[in-house]
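Since the structure is predicted, the reported quantities are computational estimates derived from the model, not experimental observations.
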Amino acid sequence: MGVLNVTPDSFSDGGRYEQLSRALDRAWEMVDEGAAIIDVGGESTRPGAVPVSIEEEIKRVAPVVNRLAAKLPIPLSVDTRHTEVMRRALEAGASMINDVNALRDEGAIEVVAENDAAVCLMHMKGDPRTMQKAPEYKNVVDEVENFLLERAELCEKSGIAKNRIVLDPGFGFGKKAKHNLRLMRSLPRLGAMGYPILVGVSRKSFIGELMGGVPTEARLQGSVAAALYAAKSGARLIRAHDVRATREALDVFWALSFGPENE
Ligand code: HH2
């Protein structure tokens with residue numbers, strides 16, 4: 001899943017794709033680089049981010065979805081927490097909603113169900129403004145697993161087909177380094193919940209810390225290593241900014257793991 005942030009303030013690519021022509025070019029470039037899904041976001045959810053108005057979010061996302069949804073050879077996902085943005089995006093042809101808030105906005109589940117869309121339900125403790133202040137868990141894996149299962153069950157009861165649901169533990173969303181590590185090491189257990197798992201660790205500070213404290217732009221190798229670790233642990237979707245590098249690494253990993261043994 002290739003990331004396309006049409007925001008001025010995303011933590012690693014804010015301001016780069018705000019202009020429509022640049023966003024469209026980047027989307028097509030990611031198709032070329034081997035993305036399987038493109039995920040368009042109009043609101044940064046980095047720690048400390050200030051929420052934007054629904055109108056502003058729609059103004060950022062709608063032109064991109066309008067221009068791409070019918071044309072792209074791969075599904076278009078929209079990264080949003082807001083029901084009205086979901087409705088507009090799905091009407092304009094997006095086929096997936098990626099929600100860091102797991103469809104907790106009023107009416108969100110119904111909009112996804114009515115449109116027969118796919119959805120990624122992510123775990124987040126607190127909200128972006130304050131979530132990294134002092135997150136504490138009794139048992140982070142139990143809590144994330146219980147939350148995701150509860151949300152998935154509610155979605156299914158409300159008419160979203162099980163095979164349309166993807167779950168994501170939400171790396172960096174109300175989690176300290178130790179929580180991220182514990183969740184990474186528990187991916188096989190999370191995969192046993194019976195839904196595909198999506199992992200988003202690309203360029204995140206957790207990766208920077210494991211690399212000895214490097215800045216965002218120096219986290220490529222660490223991000224790719226984490227993507228491979230996640231894939232080896234059963235993750236089925238990897239959300240990444242650096243699509244080409246991630247895709248090439250995953251292709252080799254896949255061939256080594258499951259490819260034929262040519263003589
Ligand atoms: N991470 C970010 C945004 N959306 N969605 C899912 N499902 N999983 C994630 O881990 C995830 C996500 C944060 O990354 P990014 O979009 O690059 O930054 P920002 O929120 O600053 O726009």
Side-chain angles (χ1 to χ4, degrees), residues 1-46 49 52 54-82 84-100 111-112 115-120 122 164 166 168 196 198-204 216-217 219-220 223-224 227 230-231 235-251:
M1 174 186 263
V3 181
L4 182 59
N5 285 318
V6 287
T7 59
D9 59 341
S10 285
F11 80 96
S12 82
D13 56 357
R16 281 188 71 179
Y17 308 113
E18 261 186 296
Q19 222 184 314
L20 180 59
S21 61
R22 282 188 171 217
L24 301 177
D25 286 351
R26 180 59 189 144
W28 285 103
E29 189 175 54
M30 287 195 286
V31 170
D32 208 44
E33 291 178 355
I37 301 173
I38 287 180
D39 189 37
V40 184
E43 180 195 41
S44 172
T45 47
R46 72 184 194 288
V52 296
I54 309 283
E55 293 70 37
E56 177 61 26
E57 196 184 341
I58 291 173
K59 215 166 86 188
R60 293 176 185 175
V61 170
V64 181
V65 179
N66 288 336
R67 294 283 295 272
L68 288 177
K71 297 211 176 108
L72 283 182
I74 57 174
L76 189 65
S77 159
V78 173
D79 184 346
T80 183
R81 307 186 269 167
H82 301 115
E84 195 47 36
V85 181
M86 294 175 195
R87 187 194 315 280
R88 300 282 195 96
L90 295 174
E91 278 169 12
S95 44
M96 179 170 183
I97 297 298
N98 171 29
D99 185 2
V100 300
V111 166
V112 170
N115 285 280
D116 201 20
V119 65
C120 177
M122 198 196 80
R164 292 262 185 224
V166 172
D168 179 349
L198 183 150
V199 165
V201 286
S202 180
R203 299 181 184 169
K204 285 189 178 167
T216 321
E217 62 280 7
R219 296 176 188 163
L220 171 62
S223 300
V224 172
R236 303 306 302 267
L237 294 100
I238 305 293
R239 186 176 180 277
H241 301 85
D242 301 288
V243 172
R244 187 181 300 284
T246 309
R247 181 63 203 245
E248 286 175 354
L250 285 169
D251 283 348

Output yes when [X] and [Y] qualify as a salt bridge under the 4.0 Å nitrogen-oxygen rule, no when they do not.
| X | Y | answer |
| --- | --- | --- |
| Glu33 | Arg26 | yes |
| Lys59 | Glu55 | no |
| Glu91 | Arg88 | no |

How close do [X] and [Y] get, heavy atom to heavy atom, and via which atoms?
| X | Y | result |
| --- | --- | --- |
| Ser77 | Ile37 | CB-CG2, 3.8 Å |
| Ile238 | Ala235 | CD1-CB, 4.2 Å |
| Ala89 | Val65 | O-CG1, 3.8 Å |
| Ala92 | Asn66 | CB-OD1, 3.2 Å |
| Ile54 | Glu84 | CG2-CB, 3.9 Å |
| Arg247 | Gly34 | NH1-O, 2.7 Å |

- Task: Before giving the answer on side chain to side chain contact (heavy atoms under 4.5 Å, CB included), spell out for Asn5 and His241 the whole-Å C-alpha distance, their side-chain angles and the decisive distance to 0.1 Å.
- Result: CA-CA 9 Å; Asn5 285 318; His241 301 85; 4.2 Å; yes
Is it true that a side-chain atom of [X] and a backbone atom of [Y] form a donor plus acceptor pair closer than 3.5 Å?
| X | Y | answer |
| --- | --- | --- |
| Arg22 | Arg16 | yes |
| Arg239 | Val3 | no |
| Thr216 | Arg203 | no |

- Message: So Met1 and Ser202, do their side chains get closer than 4.5 Å, heavy atoms only?
- Response: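 The answer is no, as the side chains (C-beta and beyond) never meet within the 4.5 Å cut-off.
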Nearest 0.5 angstrom please: [X] [atom1] to [Y] [atom2], how far?
| X | Y | atom1 | atom2 | result |
| --- | --- | --- | --- | --- |
| Ile97 | Arg87 | CD1 | CZ | 11.0 Å |
| Leu237 | Asp168 | CG | CG | 9.5 Å |
| Asp79 | Asp99 | CG | CG | 8.0 Å |
| Arg244 | Met30 | CZ | CE | 12.0 Å |
| Glu43 | Glu56 | CD | CD | 10.5 Å |

- Evaluation steps, side chain to side chain contact (heavy atoms under 4.5 Å, CB included), between Val112 and Arg164: CA-CA 10 Å; Val112 170; Arg164 292 262 185 224; over 6 Å; no
- Can you list every salt bridge (charged side-chain N to carboxylate O under 4.0 Å, His left out) pair that touches residues 1-14, not counting sequence neighbours?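 Of all non-adjacent pairs touching residues 1-14, those that pass salt bridge (charged side-chain N to carboxylate O under 4.0 Å, His left out) are Asp9-Arg46.
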- Query: Where do Val78 and Met86 land on the side chain to side chain contact (heavy atoms under 4.5 Å, CB included) test, with the steps shown first?
  - Reply: CA-CA 7 Å; Val78 173; Met86 294 175 195; over 6 Å; no
Using distance only, find each side-chain donor-acceptor pair of residues 67-76 under 3.5 Å and give its atom names and separation, not counting sequence neighbours.
none

